[in-house]
*Asks:* 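Handing you this structure, nothing more for now.
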Amino acid sequence: MLRFSQRRFFSSARTAFEAVKKSHDLVIIGGGPGGYVAAIKAAQLGFDTACVEKRGALGGTCLNVGCIPSKSLLNNSELFHRVQKEGAMRGINIPGEVTPNLGALMKEKDKAVKQLTGGVEMLFKKYGVKYYKGSASFIDEHQLKVDPIEGGEEAILDAKNIIVATGSEATPFPGIEIDEERIVTSTGALSLKEIPKKMAIIGGGIIGLEMGSVWSRLGSEVTVLEFQDAIGGAGMDAEVSKNIQKIMSKQGMKFKLGAKVTKGVRNGEIVNVEYEDGKSGKTETLDADVLLVAVGRRPFTKGLNAEKIGLDFDKKGRVVIDSEYKTNKPHILCIGDCTFGVMLAHKAEDEGIAAVEYLKNGFGHVNYNNIPAVMYTHPEVAWTGQNEEQLKEAGIKYKTGKFPFLANSRAKTNQDSDGFVKFIADADTQRVLGVHIIGPNAGEMIAEACLALEYGASCEDIYRVCHAHPTLSEAFKEGAMTVFGKPINF
């Protein structure tokens, strides 16, 4: 009778010899927003396409532990908050105390994730994309080895072309050990088993502010420790940043700007945090039930065996590519978070389509000056194009105009009138250079701004387009009016 170690040896040896060998026109490593979109587009264009994903569920960080689950918690925590705080004012009488059911919130979040990741797998079947469940690594420039996970098969893939779309991971904080229980990344913050009495957040960017919003609404005392002197991260207009901080402060969140965190240690069920105050230089301390480390994300390419084939990387660990997404090996392309640019799902999606179009037709298109960003707090914050700081640095003459939601009839009717629409336009031509919105449905409204920028619209082009009444979009129209003239309702 074979001992366990012997059985394991013979099993692994047999598996190696029996590895499935397949050939494809295109193999995509990573099934996130960039990878799965590229796979579907490639199949639509006639490529024999395969996608390798090691998570066991398609959709990457975004669908599994990022965009989608966070939006479920953001939406449902906001509904709870409104019913609890505004129900009586709105004429909704609910007997008894309104309380959150964390288990049900998490169940609803998981349901959305399962439905959407399963939907991507169905699309693969619909378009004939071969799905390998496992980790891919380079054998040589054209061959990949797939180490299977449960439900997958070991395979050697021969690929005419390869797209690397392996995404990103949370950036660690030096000296702070993540356990995803008391000291968490965004992944752990999406699956807490109880509502913390106190939550501290290192990082006042979009991820930190969204997660802080969720737990603040559910009853946590949230303190944000941000090293910079403004929240929101790169790209957010300074005026917008100051205003959203005021709004979120009124909602109960606390902010420590210029705070340099020096220590975060778990002590039983409490996390002790130390930071240097930016103004006084003194060391301050605070205790929290949960510490969220949200200092950004970094490219993830571990396990690819990329060094074997000599792929070029820059100093930030990003895969170096040219304007057609080709690496220094022309048949190997790269898209999404593991190469240059903002780490946004929709940027990766557009790159996935463009990369495949380059392979098929020799041309593709992504306008990197018009990639919208959205922060799904309440109110939402959204922007595209350039902000004032960027235009000043570039020496471009511009004019600005703002229209407040307080003067918008739909926002007033909904009792949801915080924020404004801010336009930035060329001082001479009126061409729209940037739009920045704080307000209800800003994430949807910013699409109109993207269309305007893409086609070089002027402020007049926008306000001469009829907008339905009463809608929030009228604030967008009147925002365009404010730059060179006067709005009607303000």
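Everything quoted here is computed from the prediction, not taken from an experiment.
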*Asks:* Should the pair Lys347 and Phe340 be classed as cation-pi, given the thresholds of under 6.0 Å to the six-membered ring centre and 45° from the axis?
*Replies:* yes

*Asks:* Taking atom types as modelled, find out whether Tyr36 and Glu121 have a side-chain donor-acceptor pair closer than 3.5 angstrom.
*Replies:* no

*Asks:* Cation-pi check for Phe47 against Lys360: NZ or CZ below 6.0 Å from the six-membered ring centre and within 45 degrees of the axis, yes or no?
*Replies:* yes

*Asks:* State whether the number of non-hydrogen atoms from other residues, nucleotides or ligands found under 6.0 Å of Lys254 atom NZ is greater than 12.
*Replies:* no

*Asks:* Among side-chain atoms of Glu478 and Asn489, is any donor-acceptor pair under 3.5 angstrom?
*Replies:* yes

*Asks:* With a 3.5 Å cut-off and no angle check, do the side chains of Gln386 and His436 form a donor-acceptor pair?
*Replies:* no

*Asks:* Whether the side chain of Asp426 engages the backbone of Thr429 through a donor-acceptor N/O pair (distance < 3.5 Å, no angle test) should be reported.
*Replies:* yes

*Asks:* When you look at CD of Glu284, are more than 12 heavy atoms from neighbouring residues, nucleotides or ligands closer to it than 6.0 Å?
*Replies:* yes

*Asks:* Considering only heavy atoms from C-beta outward, does the side chain of His331 approach that of Glu141 to under 4.5 Å?
*Replies:* yes

*Asks:* Should the heavy atoms of other residues, nucleotides or ligands under 6.0 Å from NZ of Lys71 be counted, would the total exceed 12?
*Replies:* yes

*Asks:* May I ask you to check whether over 12 heavy atoms, not counting those of Asp229, lie within 6.0 Å of atom CG?
*Replies:* no

*Asks:* Assess whether atom CZ of Phe490 is packed by more than 12 heavy atoms of other residues, nucleotides or ligands within 6.0 Å.
*Replies:* no

*Asks:* To the nearest 0.5 Å, how far apart are OG1 in Thr49 and CG in Asn161?
*Replies:* 10.0 Å

*Asks:* Using a 6.0 Å cut-off, check whether atom CE of Met122 has over 12 heavy atoms from anything other than its own residue.
*Replies:* no

*Asks:* How about CZ on Arg431, more than 12 heavy atoms from neighbouring residues, nucleotides or ligands closer than 6.0 Å, or not?
*Replies:* no

*Asks:* Side chains of Arg410 and His469: is there a donor and an acceptor less than 3.5 Å apart?
*Replies:* no

*Asks:* Are Glu169 and Arg297 ion-paired here, with the side-chain N under 4.0 Å from a carboxylate O?
*Replies:* no

*Asks:* Verify the neighbour count for atom CZ of Phe227: are there more than 12 heavy atoms of other residues, nucleotides or ligands below 6.0 Å?
*Replies:* no

*Asks:* For the side chain to side chain donor-acceptor pair (under 3.5 Å) test, which of His24, Lys54, Glu53 pairs with Tyr132?
*Replies:* His24

*Asks:* Would you say His365 and Glu454 are linked by a side-chain donor-acceptor pair, where the criterion is simply a distance under 3.5 Å?
*Replies:* yes

*Asks:* Decide ring pair (Phe, Tyr, Trp, His ring centres under 6.0 Å) for Phe423 and Phe476; before the verdict, give the C-alpha distance in whole Å, the side-chain angles of both, and the deciding distance to 0.1 Å.
*Replies:* CA-CA 9 Å; Phe423 270 80; Phe476 190 87; 5.0 Å; yes

